[in-house]
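One structure is given below, encoded as structure tokens.
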There are 2 protein chains.
Amino acid sequence: MDLRDRLVRVGGELVDSEGIGALSLREIARRAGVSHGAPRRYFPTHLELLSAVAREGFTELAARAEAALADGPGGPRARLSVLARIYLDFAVERRGRYELMFRHDILNSGYLGLRDTSLPLFHLLTDLVAQALPSHTPAPSPEVVAAALWANLHGIAELWNWGSLTLATGAADPGSFLEAALTAHLGPTPGGDA
Amino acid sequence: MDLRDRLVRVGGELVDSEGIGALSLREIARRAGVSHGAPRRYFPTHLELLSAVAREGFTELAARAEAALADGPGGPRARLSVLARIYLDFAVERRGRYELMFRHDILNSGYLGLRDTSLPLFHLLTDLVAQALPSHTPAPSPEVVAAALWANLHGIAELWNWGSLTLATGAADPGSFLEAALTAHLGPTPGGDA
DNA sequence: GCCCAGCCGTAGACACTGTCTACGGCCGAC
DNA sequence: GTCGGCCGTAGACAGTGTCTACGGCTGGGC
């Protein structure tokens, strides 16, 4: 296997298990069994390696979303609920990776490449929102609603991971916040609660 | 002036102007005009110094909120709008500081002290939400709505600072997202738009 | 007035980090 | 068979956070 891919994979396992603080260049190189100078042949800088690890996270998140949305047709609102759940589950399960994926202070250099990987996900969200939006009232554009919903999801994910939501409300599961966010931004579910 | 206070102040100026990456222990010591070992007398660890800088941020945010809410009485919904705006403005103006304040991977050691400083702000939010919540429907508890609103605000702040909201929607000001979040979580404004 | 103790900051060492550079070894092309 | 180029090694360098030994200054007890 290519050393380049191996480095990204090792970095991914490392950030998934040990968190963002363990992602030093030399540690990745050690775990990949090469010297500390080897990664430089493929990633001119430490941050570019981290960007590649983050990008891998985006592709996996997109794959999860695609897989979950593939089998059941369902209405757009139900699909949005699934998508939001996928997003939140990813953020909680792969906490370190999720943090890395949104650490823009780290990833600015590789940001252009990252954007290409994360934009399709946002477009998927926008499309679903456009289908799910009620047709009454002068609703704002789907992009705006999708962005607002995304901001809400991201905030829930971060606060949940910090324990702030549990601390403030005693909630044992972020699902209620998720559904509240969907209802808040899209209106009440047309077909009932389920 | 106490060296302890000077270090916190210098660190605060540094994170406000240069961002979180510039906040090394030795750089703070240099700018304070002392040797790199001096801070250790007051902060056993680099992270505890950073926690103190973050705490100063929370107290200033609380002071801003208090000042803004003091002069005008206004309805609870209007006061919530002011509070949300204060929060968002702080996050945008003091971007580095805001990032630091919510970098829980850094601040875990001083987290207990931080919680004491940030909890009153959340209680203020909860109180206002309790007053602003419409009395129809089996509304969820004010804590839950306040937490959901906070999560939304935080998400807006982060995505806005990253430029993601501008990129996705072309918006030139985060205010529309802010008002949308208020409406989404509290229901439409009873007294109109203003 | 002197002396001594304790606080405060200095300075150097240590392990670790990311980056840069000079080097060798191996493999394929000619 | 020889030569060139890719790949990884290894060491140097500046920077970091932490730890420790040291000096200097100040204030209190006699």
Side-chain angles (χ1 to χ4, degrees), chain A residues 1-56 96 99-100 103-111 113-114, chain B residues 1-56 96 99-100 103-111 113-114:
Chain A
M1 189 195 225
D2 206 347
L3 175 56
R4 180 195 173 94
D5 296 341
R6 217 170 68 216
L7 288 169
V8 176
R9 214 165 50 84
V10 166
E13 295 168 1
L14 197 52
V15 74
D16 285 339
S17 60
E18 314 267 339
I20 244 183
L23 266 191
S24 80
L25 181 100
R26 288 168 113 107
E27 181 62 25
I28 297 177
R30 267 190 296 264
R31 302 224 180 183
V34 292
S35 75
H36 67 274
R40 188 155 219 272
R41 186 74 50 183
Y42 305 93
F43 304 97
T45 217
H46 180 209
L47 275 59
E48 302 223 22
L49 173 51
L50 296 193
S51 291
V53 175
R55 183 155 43 238
E56 206 197 36
E99 281 175 11
L100 173 66
R103 278 285 296 279
H104 287 231
D105 58 323
I106 292 186
L107 304 177
N108 51 349
S109 73
Y111 185 55
L114 269 185
Chain B
M1 189 195 225
D2 206 347
L3 175 56
R4 182 196 172 93
D5 296 340
R6 218 169 67 215
L7 287 170
V8 176
R9 215 166 49 84
V10 167
E13 294 166 0
L14 197 52
V15 74
D16 286 338
S17 60
E18 313 267 338
I20 244 182
L23 267 191
S24 80
L25 182 101
R26 288 169 114 107
E27 181 62 25
I28 297 177
R30 266 190 296 265
R31 302 224 181 184
V34 293
S35 75
H36 66 273
R40 187 153 219 273
R41 187 76 48 183
Y42 304 93
F43 304 96
T45 217
H46 180 207
L47 275 59
E48 302 222 23
L49 172 51
L50 296 193
S51 292
V53 174
R55 182 153 45 238
E56 206 197 35
E99 281 175 11
L100 174 65
R103 278 287 296 279
H104 287 232
D105 58 324
I106 292 185
L107 304 177
N108 52 349
S109 73
Y111 185 55
L114 268 186

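So that the names make sense, note that chain A is the first sequence line, chain B the second, and so on, each numbered from 1. These figures come from a predicted structure and were not determined experimentally.
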_Heavy-atom closest pair, residues A:Leu23 and A:Gly11_ = CD2-O, 3.4 Å
*asked:* Nearest whole Å is fine: how far is D:dT16 C1' from B:Ile20 CD1?
replied: 16 Å
_If I take atom CZ in residue A:Arg41 and atom P in nucleotide D:dC7, what distance separates them, rounded to the nearest angstrom?_
7 Å
*Ignoring hydrogens and angles, are the base of D:dG8 and the side chain of A:His36 linked by a donor-acceptor pair under 3.5 Å?*
no
*Could you tell me which non-hydrogen atom of A:Pro39 sits nearest to which non-hydrogen atom of A:Ala29, and how far apart they are?*
CG-CB, 4.0 Å
*In whole angstroms, how far is the P atom of C:dT19 from the CG atom of A:Leu47?*
7 Å
*In whole angstrom, give the distance that lies between atom CZ of B:Arg4 and atom P of C:dC8.*
12 Å
_Here's a test of your reading of the structure: between A:Glu27 and B:Val34, which maps to the more 5' nucleotide of DNA chain C?_
B:Val34
*Which nucleotide in the list C:dG9, D:dT9, D:dT18 gets nearest to the side chain of A:Ser35?*
D:dT9
*Take the protein atom CD of A:Glu48 and the nucleotide atom P of C:dG18, then report the distance between them rounded to whole Å.*
14 Å
*What's the shortest heavy-atom distance between B:Leu107 and B:Ser51, and which atoms?*
CD2-OG, 3.6 Å
*Tell me whether the OP1 or OP2 atom of C:dC16 has a side-chain N or O from A:Ser24 closer than 4.0 Å.*
no
*List for me each residue that meets side chain to side chain contact (heavy atoms under 4.5 Å, CB included) alongside B:Ala32, sequence neighbours excluded, and say none if there are none.*
B:Arg6, B:Leu7, B:Val10, B:Val34
*asked:* How many whole angstroms separate atom CG of A:Leu25 from atom P of D:dT9?
replied: 12 Å
_For A:Tyr42 and B:Leu23, find the nucleotide of DNA chain D closest to each by heavy atoms; which residue's nucleotide sits nearer the 5' end?_
A:Tyr42
*Taking for each residue the nucleotide of DNA chain C with the nearest heavy atom, is it A:Gly37 or A:Arg30 whose nucleotide lies nearer the 5' end?*
A:Arg30
*asked:* Just the rounded figure in Å: distance from C1' of C:dT17 to CG of A:Leu14.
replied: 15 Å
*Going through the checks in order, is the side chain to side chain contact (heavy atoms under 4.5 Å, CB included) test met by A:Arg4 and A:Arg9?*
CA-CA 9 Å; A:Arg4 180 195 173 94; A:Arg9 214 165 50 84; over 6 Å; no
*For D:dT18, does OP1 or OP2 lie under 4.0 Å from any side-chain N or O of B:Thr45?*
yes
*Under-3.5 Å donor-acceptor pair between B:Arg26 side chain and D:dG15 base*: no
*In whole angstrom, what separates A:Ile106's CD1 from C:dT17's C1'?*
14 Å
